[in-house]
Amino acid sequence: MINAHEKLDFRVQRWIFQQGWNSLREIQCLAIEPILSANTDVLISASTAAGKTEAFFLPAISAIADHSNGVGILYISPLKALINDQDRRLESLSDLLDIPVTPWHGDSPQSKKRKLRASPAGIVLITPESLESLLIRDAGWVKSAFSSLKYIVIDEFHAFLGSERGNHLLSLLHRLEHLLGRLKVPIPRVALSATLGDIEKVPFSLRPNQSLPCKIVRDSVSSASIQVQVRGYVNPGQITEENPADAEYQICEDLYKFCRGGNHLVFANSRARTEGIAATLSDMCEQNLVPNEFFPHHGSLSKDLRESLEKRLQQEQYPTTAICTMTLELGIDIGKVNSVVQVTAPHSVSSLRQRLGRSGRRGGPSVLRMLIAENEIQKNSNIADKLRLELIQSMAMIRLLISDKWFEPADTSLYHFSTLLHQILAVIAQWGSIRAAQLFNLLCREGPFRHITLDSYKALLKHMGATELITQLGSGELVLGVQGERITGHYSFYAVFKTPEEYRIVSGSKALGTLPIDSLVLVGQHIVFGGKRWLVKDIDTDKKTIYVEHAKGGRPPRFGGSGMSVHDIVRQEMFNIFCKGDYRIHYEGQKIDFANKEARALFQEGAHFFNDAGLRENAIIQDGANTAILTWKGDKTVNTIAALLSMHGFEVGNFAGVIEVIKASAADVVEALCNSAKSELPDATELAQSVPEKRVDKFDEFLPDELLAIGYGARAFSLRGAKSWLGSHFS
DNA sequence: GACCTGCTGCGGACTG
């Protein structure tokens with residue numbers, strides 16, 4: 001293995017030498033053989049900044065170095081920004097070997113695209129949506145330009161796994177192999193990622209039909225140390241002289257202390273909170289007469305504002321702290337930061353893991369602070385507050401990440417009917433016409449939509465015919481209908497994910513970003529946006545533009561959004577912590593306490609309530625006129641139990657995993673659940689039929705009701721989870 | 001209490 005690099009092209013070896021590298025990293029050595037062999041898929045899993053991209057490109061470029069014509073490597077990325085980063089990073093290596101690199105996405109220069117069209121060669125960096133547009137508009141060119149394609153590499157593979165967009169990507173790759181006549185001799189796929197849960201199963205998601213084996217390459221367990229602290233804050237019920245500041249302001253005061261003078265990332269979980277915190281911190285700088293070094297970063301901010309912040313972080317010339325959402329979670333090139341701060345509990349352990357990977361400079365420890373606010377307990381406080389569930393969830397996630405090295409695997413069992421409908425339209429648009437059976441083979445039997453039965457497929461085609469998306473010719477061939485022509489003809493067709501209608505926010509001639517159309521902003525209102533304070537001067541509904549100018553005061557606008565789902569394992573860990581009365585982590589015979597004084601006190605309050613209420617033995621407790629159910633299961637199971645009770649005629653609320661049955665006695669609820677445990681339960685589809693609004697994804701509006709219910713049921717409910725919980729408590 | 005991602009081709013204004 002020491003000499004693994006000798007198998008690389010001598011010019012690649014010279015490039016490695018020029019970089020001043022003494023040796024290749026472990027995964028880079030391990031990846032050389034399987035990639036050069038070109039007879040297997042490869043999964044490269046290694047921590048952030050461990051050199052995954054080079055682990056692929058060094059051998060892959062060696063393999064195509066003497067490739068004379070046609071594109072040799074197709075690189076696919078979830079982000080345009082990542083394509084631009086890779087284009088820069090590949091420059092010196094590709095120059096040395098005289099291999100052209102072409103970034104191909106909506107914002108990349110037409111001149112480069114024209115050049116590739118005239119003489120296809122080298123490496124193409126593309127998004128799934130641009131690949132879709134190429135297949136629909138110019139499949140003939142794709143067929144010749146990619147005829148000798150040697151590798152397909154997918155960056156940040158976890159960002160695709162299990163999602164509508166991920167299934168779109170897999171379908172595109174299968175259609176590409178089909179077009180190139182490579183179904184029998186598939187093109188090797190290489191997936192790069194730092195965060196893949198349940199990694200042994202991921203090869204089935206990289207190539208669902210398993211027509212090629214997959215080699216997993218990963219680095220040995222990293223020994224990088226982690227420093228972590230959870231800090232607690234109490235949000236007073238009323239602002240008084242004794243309690244002069246709400247929790248968010250206290251948190252900002254601490255952020256100002258921790259972060260000023262260094263480079264940090266503060267993940268605040270919502271765009272509104274991100275804006276609020278950034279504006280408060282910037283005010284603090286102003287009050288203290290120091291230059292501002294706190295800036296927001298999220299998906300609604302203009303590209304301009306985002307890129308200038310990314311550049312500022314990367315250059316490290318001025319101390320800079322970004323208050324951000326998940327936009328800075330993926331591998332955009334900002335370098336490593338001194339520390340990562342998480343304000344409010346993270347949504348998942350895997351996202352916490354991605355975020356933590358952003359800190360740890362020059363082999364130093366990763367530093368994570370978690371700042372959690374809980375409400376002061378009042379007479380009418382709810383059970384989630386009394387149990388301090390947000391704090392406990394944060395502690396559970398830290399334990400899972402550090403002690404168990406566990407994080408959520410992607411859910412790859414869903415149907416993705418919306419994306420199947422999109423692909424039916426896309427394939428017909430690409431080919432002009434196709435037989436129904438051929439289409440089923442391509443997308444469902446051989447392609448990625450393997451969960452979908454022939455009956456569901458037939459029902460979908462029938463409904464698409466009835467709504468004029470497609471038409472069947474006398475010969476039996478399917479072609480686009482009037483509506484299908486209209487939808488596929490518009491550029492917005494290429495993406496499978498939904499985006500809400502938005503207003504642009506403009507100050508003078510400068511675009512600041514966008515706001516969803518239902519955010520209820522009014523003329524004369526003061527808002528916070530881009531970390532600054534503004535007065536809304538005018539709203540032009542025709543041009544969908546909000547005009548603002550600088551002002552004082554104001555609150556962040558509403559951005560909207562939908563909830564996220566907590567995993568079974570996280571809730572079980574929370575229950576374990578309560579049962580043991582201890583959240584500390586065992587390490588080398590010691591117990592490590594990662595909470596500060598305030599967080600410890602809040603934990604004790606939650607633990608007392610847990611014990612006093614007898615929650616270790618009882619899942620159901622009377623709460624005034626209501627009854628609360630604590631299943632300590634993930635949201636899919638909780639949703640299912642809540643839906644079952646709702647079918648029994650109960651009025652049910654569900655917050656933070658606690659089911660609240662309104663105006664019902666514990667005895668009545670227990671009786672209903674006992675009956676459920678004994679009887680045949682409805683299936684997930686039947687439960688979904690009682691949900692009034694099931695349209696979530698982009699093309700759901702075109703689906704027949706029966707498929708909408710099947711898709712929604714599989715996503716929202718877990719009958720298996722509900723049965724097992726009912727079985728263990730009521731039989 | 002609530003995240004993120006992407007797509008076209010053309011016309012018109014502006015710059016060198």
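Keep in mind the model is a prediction, meaning the values are calculated, not measured. Here is how names work: the chains are called A, B, and so on, in the same order as the sequence lines, proteins then strands, and each is numbered from 1.
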Give the nucleotide from the list [options] with an atom nearest to the side chain of [X].
| X | options | result |
| --- | --- | --- |
| A:F497 | B:dC3, B:dA2, B:dG6 | B:dG6 |
| A:S492 | B:dC7, B:dA2, B:dC4 | B:dC7 |
| A:R306 | B:dG1, B:dC7, B:dT5 | B:dT5 |
| A:R271 | B:dG6, B:dT8, B:dC4 | B:dC4 |
| A:S270 | B:dC3, B:dC7, B:dG1 | B:dC3 |
| A:S133 | B:dG1, B:dC4, B:dT8 | B:dT8 |

Residues from residues 155-166 of chain A sitting under 4.0 Å of DNA chain B, heavy atoms only?
A:R165
If you look at every strand shown and take non-hydrogen atoms under 4.0 Å, does [X] touch a base, only sugar-phosphate, or nothing?
| X | answer |
| --- | --- |
| A:R355 | nothing |
| A:Y494 | sugar-phosphate |
| A:H347 | nothing |
| A:H298 | sugar-phosphate |
| A:T499 | base |

A:T327 or A:Y491, whichever maps to the more 5' nucleotide of DNA chain B
A:T327
Let me spell it out: for each of A:A272 and A:D107, pick the nucleotide of DNA chain B with the closest heavy atom. Which residue's pick is nearer the 5' end?
A:A272
For atom [atom1] of [X] and atom [atom2] of [N], their distance in whole Å:
| X | N | atom1 | atom2 | answer |
| --- | --- | --- | --- | --- |
| A:R273 | B:dG1 | CZ | C1' | 8 Å |
| A:L301 | B:dC3 | CG | C1' | 14 Å |
| A:L169 | B:dT5 | CG | C1' | 13 Å |
| A:L330 | B:dC4 | CG | P | 12 Å |
| A:E129 | B:dC4 | CD | C1' | 12 Å |
| A:F267 | B:dG1 | CZ | C1' | 19 Å |
| A:F493 | B:dT8 | CZ | P | 13 Å |
| A:L79 | B:dG6 | CG | C1' | 10 Å |

Parallel, tilted or perpendicular for A:H298 and A:F529, by the 30°/60° rule?
perpendicular
Could you tell me how the ring of A:Y712 sits relative to the ring of A:F717: parallel (under 30°), tilted (30 to 60°) or perpendicular (over 60°)?
perpendicular
Checking A:D540 against A:R504 for the salt bridge (Lys or Arg N to Asp or Glu O under 4.0 Å) test, could you report, in this order, the C-alpha distance in whole Å, the side-chain angles of both residues, the deciding distance, and whether it holds?
CA-CA 10 Å; A:D540 186 329; A:R504 291 185 311 136; over 6 Å; no
Verify the contact: side-chain N or O of A:K498 to OP1 or OP2 of B:dC4, cut-off strictly under 4.0 Å; return yes or no.
no
Check whether any side-chain N or O of A:T127 sits under 4.0 Å from OP1 or OP2 of B:dG6, and answer yes or no.
no
Looking at the rings of A:H168 and A:F160, which for Trp means the six-membered one, are their centres under 6.0 Å apart?
no
In terms of side-chain geometry, is the basic nitrogen of A:D138 or A:K143 positioned less than 4.0 Å from the acidic oxygen of its partner?
no
Show your working on side chain to side chain contact (heavy atoms under 4.5 Å, CB included) between A:I76 and A:V153 and close with a plain yes or no.
CA-CA 6 Å; A:I76 299 172; A:V153 57; over 6 Å; no
Under the ring pair (Phe, Tyr, Trp, His ring centres under 6.0 Å) rule, collect the residues that match up with A:W406, sequence neighbours excluded.
A:H567
Both conditions, 6.0 Å and 45 degrees, for the charged tip of A:K112 above the ring of A:W104: are they met here?
no
